[in-house]
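Data first, discussion second: the structure below is written as C-alpha cells.
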Amino acid sequence: MQKEALDMVSSDVNFPKGHFPDYRIGPNNQIIDPEETHEVVPLKEIVAKETTQLLEQRRRLSVRDLREKFEKGLSGASKLTEEAKRRDAASLDRQVLLKKLRDVLDTLKGRVAGRNRDDADEAISLVEALAVQLTQREGELIYEKAEVKKLASFLKQATEDARKVAEEERALALAEIEKSRAEIAKVEKALQEHDSASSSREKEEIEELRKEIREARRIKMLHQPSKVMDMQFELQGLRTLISEKTELCNQLKKELAMIKRLEQDSSKLFELEGSNTLGSQFCIIPRVDGAPDISSCPVQWYRVISGGSRELISGATRLTYAPEPFDVGQLLQAEIVLKADKVTVQTDGPINPASGLERYVDSLMKRTDTEFTVVVTQMNGNDYSSNSVHVFHIGKLRIKLRKGRSTKARESYSSTMKLCGSRGGGNAAACAVFWQARKGLSYTLAFETDRDRNAAIMLARKFASNCNVVLAGPGDQVHGGA
C-alpha cells in the first residue's frame with residue numbers, strides 16, 4: 001500500500017518549485033513569466049495551459065479518487081487482516097502499514113495547497129480514525145483471547161476436579177463393595193453353619209421318631225390287632241359325639257344367658273351409635289351377640305325435656321335419627337317395642353351445638369336472601385323422579401324453591417308452614433330437611449352438607465320468629481326458640 005501511494009504521487013504530480021508560478025502583466029495585458037522574459041506567450045495559450053494543468057491536477061488529486069483507492073486498500077487490508085488472524089500474524093504490521101500510509105499522506109499534504117490540502121487532511125483523518133478503530137478492535141481481540149484463556153483454564157481445572165471427584169467416588173464405591181462382599185460372606189457362612197446345625201438336629205429328631213414308631217409297632221404287634229382297631233373307631237366316634245354335645249351346650253348357655261339378661265334388664269341389649277353433636281346421626285345397634293332382630297319392630301324417638309317428661313318427635317319411627325337444632329341441649333330417647341316388652345335406649349348426654357354454627361347463621365342473617373343448593377328427593381311423600389339440582393331461597397319474609405328460572409314454590413311465613421329435619425331415616429338424614437310450604441304441598445330436600453342443613457333450619461326459624469311465626473316440624477311442641 002505504501003509503495004502504491006508513493007508511485008501514485010511521484011508519477012502523477014510534479015512540482016518543480018513547490019509553489020504556483022509568479023506572473024506579472026505586461027503591455028497589452030499580457031502575462032509575463034519573469035524567468036521566461038525572452039519568450040512572449042499568448043495569454044489564451046497560457047490560460048488554456050494552466051486551466052488544463054489545474055483540471056488534470058484536481059482530477060488526479062480528488063478526494064473521491066483517494067477515497068476509492070483508500071477503500072480498495074482498506075478492503076485489501078481487511079482481507080489481509082483475516083488471513084493474518086487465520087495465520088496468527090502479529091497485529092504490529094497493520095499499525096506499521098497505517099503509519100506508513102499516514103506518512104505518505106503527510107508528504108502529499110506538504111506538496112499540495114488550497115482545497116487539495118483540505119482533501120489530504122480529510123484523508124489523514126480517515127486514516128487516523130481507521131487506526132483508532134483497529135486499535136480498539138485489537139484491544140477487544142486481546143480481551144476476548146484473555147477471556148477464552150480464562151475459560152479454557154477454568155474448564156481444564158473443572159475437568160481435573162471432576163476427574164478427582166470421580167476417582168474418589170470410585171474408590172469409595174470400591175471400598176463399599178468390598179465391605180458388602182465381606183458382610184455377605186459372613187452372612188453366608190453363618191447361614192451355612194445354621195443349616196448344618198439344623199440339619200443335624202433334624203436328623204437326630206427323625207431318628208428318634210423312627211425308633212418310637214418301631215417301638216409302637218412292636219407293642220401293637222404284641223397285642224391283638226383287631227381289638228386295637230375297634231377301640232380306635234370307638235374312640236373316634238366318642239370324640240365326634242362329645243364335640244357335637246359341646247357345641248349344643250355352648251349354644252344353650254348363650255341362649256340361657258341372653259334370656260336371663262332380657263329378664264333382668266332388656267335395655268342393655270341395645271345401644272345408640274353416634275356422637276352427641278348437632279350434625280351427627282344416631283343408629284340403634286345390638287350391644288351383645290345373639291340379640292333379637294329389631295329391623296321390623298316399631299320404634300319411636302322422643303326428646304327428654306326438663307323434669308324427665310318426654311316429647312314425641314312426630315315421624316321419627318326408624319332405627320336412625322339425625323338431631324336438628326330443636327334437639328340441642330336435650331336428651332334423645334328411642335323406644336323399641338320388642339314382642340310384649342318395650343326396650344328404651346338413651347343418649348349419654350344432651351346434644352351439643354355444632355362448632356361455629358351460631359356465628360355462621362348470624363352472618364347469614366345480615367343478608368336479605370340466602371341461597372342453598374339442594375336436591376328434591378320427595379314431593380308430597382312420594383319419591384321425586386328427577387334428581388336435578390334446585391336452589392332453596394330463605395328470605396326475611398318468605399321461602400322460595402326454584403329450578404333455573406322456574407319457581408316450584410314460594411310462600412311467606414305462616415302457621416301452616418312447617419320446617420324440620422328429615423325424620424324418615426336413611427344414610428343422608430343428617431343433610432336432609434322436611435319443608436311443608438302449605439297444606440297439600442311438601443318437599444324433602446337434601447343439602448350438600450349437614451352444616452348447610454342446620455344453618456338453613458335455624459335461619460328460617462329466626463326470620464319466621466321476627467314475623468311472629470313459630471316454624472317447627474309437624475306435631476312439635478315448641479318450648480323455646482332454637
Minimal non-hydrogen separation, [X] against [Y], with atom names:
| X | Y | result |
| --- | --- | --- |
| T277 | P353 | CG2-O, 4.1 Å |
| R367 | F463 | O-CZ, 4.1 Å |
| P286 | F270 | CA-CD2, 3.8 Å |
| I284 | A334 | CD1-CB, 3.7 Å |
| S280 | S275 | OG-O, 2.5 Å |
| N352 | V328 | C-CG1, 4.4 Å |

Non-hydrogen side-chain atoms of V361 and K462 separated by less than 4.5 Å: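 Heavy-atom side-chain distance check passes, below 4.5 Å.
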Pairwise side-chain contact, W435 with L401, heavy-atom cut-off 4.5 Å (strictly under):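 Yes, close enough: below the 4.5 Å cut-off.
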Does the [X] side chain pair with the main chain of [Y], one donor and one acceptor, at a distance under 3.5 Å?
| X | Y | result |
| --- | --- | --- |
| R461 | L419 | yes |
| N276 | I351 | no |
| S309 | I305 | no |
| H393 | V391 | no |
| N454 | D450 | yes |
| D383 | Q378 | no |
| S199 | D195 | yes |
| S406 | K403 | no |
| E324 | I457 | no |
| S314 | G475 | no |

Dump the intermediate steps for side-chain contact (heavy atoms from CB on, under 4.5 Å) on L397 and C467, then the final yes or no. CA-CA 7 Å; L397 300 177; C467 297; 4.1 Å; yes
Does the distance from a Lys or Arg side-chain N to an Asp or Glu carboxylate O, for [X] and [Y], drop under 4.0 Å?
| X | Y | answer |
| --- | --- | --- |
| R398 | D369 | no |
| E167 | R170 | no |
| K418 | E411 | no |
| E178 | R181 | yes |
| R210 | E215 | no |

Heavy atoms of other groups near [X] [atom1], more than 12 under 6.0 Å:
| X | atom1 | value |
| --- | --- | --- |
| R423 | CZ | yes |
| I285 | CD1 | yes |
| E371 | CD | yes |
| R402 | CZ | yes |

Over-ring placement of R310 relative to Y302, 6.0 Å and 45° cut-offs: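 Yes; both conditions hold, so R310 lies above the ring face of Y302.
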Kindly confirm or rule out a cation-pi arrangement of R453 over F372, judged by NZ or CZ under 6.0 Å from the six-membered ring centre and within 45° of its axis?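 No; the conditions do not both hold, so R453 does not lie above the ring face of F372.
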In Å and rounded to the nearest 0.5 Å, what is the [atom1] to [atom2] distance from [X] to [Y]?
| X | Y | atom1 | atom2 | answer |
| --- | --- | --- | --- | --- |
| I399 | L471 | CD1 | CG | 6.0 Å |
| E207 | L209 | CD | CG | 9.5 Å |
| L312 | R303 | CG | CZ | 9.5 Å |
| Q436 | T416 | CD | OG1 | 7.0 Å |
| E247 | N250 | CD | CG | 8.0 Å |
| R359 | D362 | CZ | CG | 9.5 Å |

Check the pair K400, T407 against side-chain hydrogen bond (donor to acceptor under 3.5 Å, both in side chains), reporting the backbone distance first and the verdict last. CA-CA 7 Å; K400 181 174 66 173; T407 300; 5.1 Å; no
Please work out which of the three classes, parallel, tilted or perpendicular, describes the rings of W301 and F282, given edges at 30° and 60°.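 Tilted: the ring planes of F282 and W301 meet at 30° to 60°.
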When you look at R201 and E204, which way does the salt bridge (Lys or Arg N to Asp or Glu O under 4.0 Å) test go after all the steps? CA-CA 5 Å; R201 286 196 301 271; E204 292 176 359; over 6 Å; no
Starting from the C-alpha separation in whole Å, work towards a yes-or-no answer on side-chain contact (heavy atoms from CB on, under 4.5 Å) for L445 and T377. CA-CA 6 Å; L445 308 175; T377 59; over 6 Å; no
For the pair I313 and L332, evaluate side-chain contact (heavy atoms from CB on, under 4.5 Å) and give the outcome as yes or no after the intermediate values. CA-CA 10 Å; I313 303 175; L332 292 179; 4.2 Å; yes
Derivation of the side-chain contact (heavy atoms from CB on, under 4.5 Å) call for Q346 and V304: CA-CA 9 Å; Q346 184 175 299; V304 181; 4.3 Å; yes
Assess, by modelled atom type and distance only, whether the side chains of Q300 and E335 contain a donor and an acceptor separated by less than 3.5 Å.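 Their side chains do not contain a donor-acceptor pair, so the 3.5 Å distance test is not met.
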Give me the one residue out of T344, T347, L272 that meets side-chain contact (heavy atoms from CB on, under 4.5 Å) with Q333.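 Going through T344, T347, L272 one by one, the side-chain contact (heavy atoms from CB on, under 4.5 Å) with Q333 is satisfied by T344 alone.
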Stepwise side-chain hydrogen bond (donor to acceptor under 3.5 Å, both in side chains) check, D327 with Y321: CA-CA 11 Å; D327 300 325; Y321 175 73; 2.7 Å; yes
